[in-house]
There are 2 protein chains.
Amino acid sequence: MLDDHLTLAIVDDHPVVIEGLKAVLKERAYINTLSFTAGKAFIDFIKEHTVDFVLLDVMLPDISGIDLCREITGIAPDTIVLGLSNQAERSIILQMLHNGASGYLLKNASAEELLGCIEEAQAGKIVFSNEVKTIMAKPSRFDLRGMPSLTRREKEILRLIADGKTSQQIAAVLFLSVFTIETHRRNIFQKLQVKNVAELVKVAAGNGLL
Amino acid sequence: MLDDHLTLAIVDDHPVVIEGLKAVLKERAYINTLSFTAGKAFIDFIKEHTVDFVLLDVMLPDISGIDLCREITGIAPDTIVLGLSNQAERSIILQMLHNGASGYLLKNASAEELLGCIEEAQAGKIVFSNEVKTIMAKPSRFDLRGMPSLTRREKEILRLIADGKTSQQIAAVLFLSVFTIETHRRNIFQKLQVKNVAELVKVAAGNGLL
DNA sequence: CAAACAATACCGGAAAACCAGTAGTTTTTT
DNA sequence: AAAAAACTACTGGTTTTCCGGTATTGTTTG
């Protein structure tokens, strides 16, 4: 930012959204708006030019918003990226933040909300639109206090599950009945509030239980 | 180590193993040997006394070797811990190292091997007995070069799998046939060389794909 | 422009996971 | 010693995964 202008890029494959955002952003005369409908085109662009700010759709045809976000912050670490999407899924939001985004907005955010978030993000804050805030605010699962404590047996079985062992195999290794393993498995599911092994392993890995 | 002696603790629930190790360690007069058959007893001990070196069985009755290892290195960070086990499973070895162990030995290691490893670990190295070395040396999966690259679609589906979605649910979200999802799923399995979602999610999480 | 890769879709069958219970035994804690 | 927690085991049933193919249509790319 050599002058007092701000270069803002919209990356979204939906032309209507682009036009809507541009209209809102006209409110702020100091913002120069660019737009891209594909991730690759944008990547090529920032290799040659400087962009201060990006509004990035997470559902793009040619590349996932998450990967794109990582690439952008890799190439231009000073660029501020805000995720933009129709529905807010907690895991996606976290992935975006984890890959360098400075915030996350829903497309149904009001004009004031949008401009407010841009200004706050510009000031270095992490911003969310209101709906996103409510999603991020609540439990997650057990974000802060107390990962539910698993018993010895449960941890042991959890590790074997994560190693890809079937209940039969686990039963064989531990000299127990398959039924016992399945009972333990269900208890673990309940404690960690997951529905299947996929989620189980993700949660366990993310909380240092593996 | 205030003098030139070394306090070494053996933690193993098998008395025969303890005696065997003690016999081998007599070779080195400067090593004072202690032994424990339960993890908790040992934890209590190190809260009051200093131990320089621990040979730690990973299969203990009261606590998993992995958890115990973490506790030990938490309480006494200067203590050197070597894992000790009958069979070497790669994942367990990695977990031990990840929790602060300085190496891993198989119980069938020779006396020279054992003493050699203790001396090298004492000197700050990470040590493995020979058999363990061969296990650690080979493939792993794709440890060093090239995590196989997944396509956009595959990554997208991988994330949905890790979120605990079933193939039906994924198909519904992406407006695709269940068959398509299952094909992608199998392709992902093959690329990442896993047999089921549990392993898949573990590998993916461990390699930053989630 | 081929060749390779990506994405889509389908079939049938075996194995495993998942669900909702119940219940006895052992270990730990109060 | 009583209560609580952990560990064990079983029944019976539904859903999903996993395996082994095959095959068509685009899209990149050498």
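Because only heavy atoms are used, hydrogens play no part in the values below, and waters and symmetry mates are left out as well, while side chains stay in. Lettering follows sequence order; numbering is per chain, from 1.
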A.B. asks: NA contact type, A/Asn196, heavy-atom cut-off 4.0 Å: base, sugar-phosphate, or nothing?
C.D. replies: sugar-phosphate
A.B. asks: First contact, last contact: which nucleotides of DNA chain D are these for chain A, 5' to 3', heavy-atom distance under 4.0 Å?
C.D. replies: D/dA6 to D/dT11
A.B. asks: Distance from B/Glu182 atom CD to B/Leu176 atom CG, nearest 0.5 Å?
C.D. replies: 12.5 Å
A.B. asks: To the nearest angstrom, how far is B/Glu199 atom CD from C/dA16 atom C1'?
C.D. replies: 15 Å
A.B. asks: Touch check for A/Thr183, heavy atoms < 4.0 angstrom, all strands: base, sugar-phosphate only, or nothing?
C.D. replies: base
A.B. asks: If you pin A/Val178 and B/Phe189 to their nearest nucleotides in DNA chain D, which one's is more 5'?
C.D. replies: A/Val178
A.B. asks: For B/Asn130 and B/Glu113, which heavy atoms make the closest approach, and how far apart are they?
C.D. replies: N-OE2, 2.5 Å
A.B. asks: Here's a test for you: under side-chain contact (heavy atoms from CB on, under 4.5 Å), which of B/Leu25, B/Leu34, B/Leu56 qualifies with B/Ile10?
C.D. replies: B/Leu25
A.B. asks: A/Leu8 and side-chain contact (heavy atoms from CB on, under 4.5 Å): which single residue from A/Val54, A/Asn32, A/Leu55 fits?
C.D. replies: A/Leu55
A.B. asks: Which heavy atom of A/Ala111 sits nearest to which heavy atom of A/Val24, and what is that distance?
C.D. replies: CB-CG1, 3.8 Å
A.B. asks: Check this for me: B/Lys125, atom NZ, are more than 12 non-hydrogen atoms of other residues, nucleotides or ligands nearer than 6.0 Å?
C.D. replies: no
A.B. asks: Could you go step by step and tell me if A/Thr50 and A/Asp78 meet the side-chain contact (heavy atoms from CB on, under 4.5 Å) rule?
C.D. replies: CA-CA 9 Å; A/Thr50 302; A/Asp78 292 336; over 6 Å; no
A.B. asks: Round to the nearest Å and state the distance from B/Arg152 atom CZ to C/dC5 atom C1'.
C.D. replies: 12 Å
A.B. asks: Kindly say if A/Arg185 contacts the phosphate of C/dC18, meaning a side-chain N or O under 4.0 Å from OP1 or OP2.
C.D. replies: yes
A.B. asks: To the nearest angstrom, how far is B/Ile181 atom CD1 from C/dA7 atom P?
C.D. replies: 11 Å
A.B. asks: Once you round it to whole Å, what is the distance between P of C/dC19 and NZ of A/Lys195?
C.D. replies: 9 Å
A.B. asks: Name the nucleic acid region contacted by B/Ser177, choosing base, sugar-phosphate or nothing; use a 4.0 angstrom heavy-atom cut-off, strictly under.
C.D. replies: sugar-phosphate
A.B. asks: For B/Lys22 versus B/Ser35, what's the shortest heavy-atom pair and its separation?
C.D. replies: NZ-OG, 3.5 Å
A.B. asks: In whole Å, what is the span from the NZ atom of B/Lys155 to the P atom of C/dA6?
C.D. replies: 11 Å
A.B. asks: Using a cut-off of strictly less than 4.0 Å, decide whether A/Arg186 has a side-chain nitrogen or oxygen near OP1 or OP2 of C/dC19.
C.D. replies: no
A.B. asks: Could you state the CZ-P distance from B/Phe179 to C/dC10, rounded to the nearest angstrom?
C.D. replies: 6 Å
A.B. asks: Please give me the minimum heavy-atom distance between A/Ser85 and A/Tyr104, naming the atom from each residue.
C.D. replies: CB-OH, 3.1 Å
A.B. asks: Looking at five pairs on each end of the helix from C/dC1-D/dG30 to C/dT30-D/dA1, what is the angle between the two axes, given to 10 degrees?
C.D. replies: 70°
A.B. asks: Provide, to the nearest angstrom, the distance between the CD atom belonging to B/Gln190 and the C1' atom belonging to C/dC5.
C.D. replies: 14 Å
A.B. asks: Nearest 0.5 Å, please: how far is CG in A/Asn187 from CZ in A/Phe189?
C.D. replies: 10.5 Å
A.B. asks: Report the residue (B/Lys40 or A/Val197) whose heavy-atom-nearest nucleotide on DNA chain C is the more 5′ of the two.
C.D. replies: A/Val197
A.B. asks: Just to be sure I understand the geometry, which residues of residues 168-176 of chain B put a non-hydrogen atom under 4.0 Å away from DNA chain D?
C.D. replies: B/Gln168
A.B. asks: What are the two closest non-hydrogen atoms of A/Asp52 and A/His5, and how far apart are they?
C.D. replies: OD2-O, 4.0 Å
A.B. asks: Map B/Glu182 and B/Ile157 onto DNA chain C by nearest heavy atom, then report which one ends up closer to the 5' terminus.
C.D. replies: B/Ile157
A.B. asks: Phosphate oxygens OP1/OP2 of C/dT8: is one of them under 4.0 Å from a side-chain N or O of B/Thr180?
C.D. replies: no
A.B. asks: Taking the basic N atoms (NZ, or NE/NH1/NH2) and the acidic carboxylate oxygens, is any pair closer than 4.0 Å for B/Lys202 and B/Glu199?
C.D. replies: no
